[in-house]
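Every chain is numbered from 1 and lettered A, B, ... according to where its sequence line falls, protein lines coming before strand lines.
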Number of protein chains: 2
Amino acid sequence: MKQETDGLTAEAALFHALSDPSRLLIVRHLVLGEHRVVDLTAHLGLAQSTVSKHLACLKDCGLVTSRPEGRASMWSLNHSDELLEVLGTAERLLDLTAVSPGHHYEDHHG
Amino acid sequence: MKQETDGLTAEAALFHALSDPSRLLIVRHLVLGEHRVVDLTAHLGLAQSTVSKHLACLKDCGLVTSRPEGRASMWSLNHSDELLEVLGTAERLLDLTAVSPGHHYEDHHG
DNA sequence: ACCTAGCATCGTCGGGTGGCGATGAAGCAG
DNA sequence: CTGCTTCATCGCCACCCGACGATGCTAGGT
């Protein structure tokens with residue numbers, strides 16, 4: 001029998017990982033390639049401990065991976081294709097949602 | 001100019017709306033069609049106030065809409081196609097994530 | 001008019017979470 | 001070895017959030 005509840009929780013956890021602006025910023029930055037914690041720290045303007053915690057959160061969901069390189073850790077996305085598809089579809093959904101009130105819809109759908 | 005920060009916050013809010021098992025369950029139930037609050041209440045086993053709050057949350061993100069019908073409110077999904085695409089891609093991402101790297105398990109849930 | 005059904009909202013409470021600084025381990029430079 | 005850098009973890013704090021019950025409103029039934 002299929003564990004709907006379990007899958008639901010896992011899916012909720014995945015979305016939770018993406019439900020924070022800082023983490024989204026981290027993900028978008030990792031799209032560009034591997035980055036160290038200190039790089040993300042400088043880019044986000046957050047404390048190093050905060051960034052590490054965010055990375056741990058993303059790692060728990062399997063979205064990112066850390067590769068040790070000397071004293072540093074190189075972080076990168078795990079399944080960037082699917083992840084970007086999720087983000088892209090979400091943005092499209094936002095575009096559809098963000099229609100200004102009072103603005104009437106034009107009936108040509110592309 | 002484009003407010004990246006604002007879009008980020010909106011996207012985070014969208015994912016936040018999907019980051020709760022109860023809300024995911026509501027969405028999946030609304031896929032089947034319109035439903036009243038009391039129906040969802042019975043289906044989820046949650047208090048009516050809780051369900052109303054979840055629906056308000058989903059409504060704030062533009063994911064659902066309420067249509068007044070008598071004393072009741074019929075709730076339905078807004079952009080079910082794109083929303084289902086987001087959920088589907090997320091599940092696919094979970095499938096990829098659930099596999100430990102280096103160890104290819106033969107047991108796939110299904 | 002009166003009661004019931006359905007719903008949104010408010011107040012509350014316990015747990016979860018993001019933010020920070022401090023600490024300690026691990027690796028590079030001298 | 002000493003010192004510096006980088007990072008993960010811990011403790012703390014403020015805030016957010018999901019859960020509930022209670023309240024009040026509206027619509028339909030009698």
Side-chain angles (χ1 to χ4, degrees), chain A residues 5 8-30 33-78, chain B residues 5 8-30 33-78:
Chain A
T5 305
L8 246 157
T9 303
E11 201 167 344
L14 172 63
F15 285 129
H16 167 73
L18 299 175
S19 68
D20 184 80
S22 300
R23 282 193 291 267
L24 277 180
L25 220 42
I26 289 178
V27 169
R28 294 201 177 199
H29 207 66
L30 288 183
E34 286 184 333
H35 284 281
R36 304 177 300 162
V37 176
V38 66
D39 295 334
L40 298 171
T41 299
H43 191 70
L44 297 175
L46 295 177
Q48 175 260 320
S49 58
T50 304
V51 175
S52 281
K53 191 180 289 187
H54 281 315
L55 287 172
C57 174
L58 292 172
K59 187 176 189 175
D60 285 341
C61 290
L63 294 179
V64 300
T65 313
S66 64
R67 174 175 65 86
E69 168 145 341
R71 338 165 259 177
S73 314
M74 303 303 294
W75 291 81
S76 56
L77 295 183
N78 253 356
Chain B
T5 306
L8 245 158
T9 303
E11 201 168 345
L14 171 64
F15 285 128
H16 169 73
L18 300 175
S19 70
D20 184 80
S22 300
R23 281 194 291 269
L24 278 180
L25 221 42
I26 290 178
V27 168
R28 294 201 177 198
H29 207 64
L30 290 182
E34 286 184 334
H35 284 281
R36 302 178 302 163
V37 176
V38 66
D39 296 332
L40 299 171
T41 299
H43 190 70
L44 297 176
L46 294 177
Q48 175 261 320
S49 58
T50 304
V51 176
S52 281
K53 191 179 286 187
H54 280 316
L55 286 171
C57 175
L58 292 172
K59 186 175 188 174
D60 285 342
C61 290
L63 294 179
V64 299
T65 313
S66 66
R67 175 176 64 87
E69 168 146 340
R71 319 166 281 175
S73 313
M74 303 303 293
W75 291 81
S76 56
L77 295 183
N78 254 355

| message | I need a per-nucleotide contact map over nucleotides 24-30 of chain D, read 5' to 3'. Cutoff is protein heavy atoms under 4.0 Å; write B for the base, S for backbone only, - otherwise. | response | ---BS--

| field | Spacing between A/Leu18 atom CG and C/dG18 atom P, to the nearest angstrom | value | 12 Å

| Between B/Ser52 and B/Ser49, is there a donor-acceptor pair closer than 3.5 Å when you use the side chain of the first and the backbone of the second? | no

| query | Hey, are the side chains of A/Phe15 and B/Leu24 touching, using non-hydrogen atoms and a 4.5 Å cut-off? | reply | yes

| query | So, the side chain of B/Arg23 versus the backbone of B/His16: is there a donor-acceptor pair under 3.5 Å, distance only? | reply | yes

| task | Measure the shortest side-chain to side-chain distance between B/Val64 and B/Leu77 over non-hydrogen atoms and say whether it is less than 4.5 angstrom. | result | yes

| task | For nucleotides 8-20 of chain D, just jot down a letter per nucleotide in 5' to 3' order: B, S or -, based on protein non-hydrogen atoms under 4.0 Å. | result | BB-B------SBB

| Validation row: A/Leu44, A/Thr50 side chains within 4.5 angstrom (heavy atoms) | no

| Mind checking whether B/Arg36 and B/Arg71 have side chains closer than 4.5 Å, heavy atoms only? | no

| remark: Contacts of B/His29 meeting ring-ring contact (aromatic ring centres under 6.0 Å, His included) (sequence neighbours excluded), chain-then-number -> B/His35, B/His43

| Close side-chain approach of A/Leu63 to A/Leu30, heavy-atom, < 4.5 Å | no

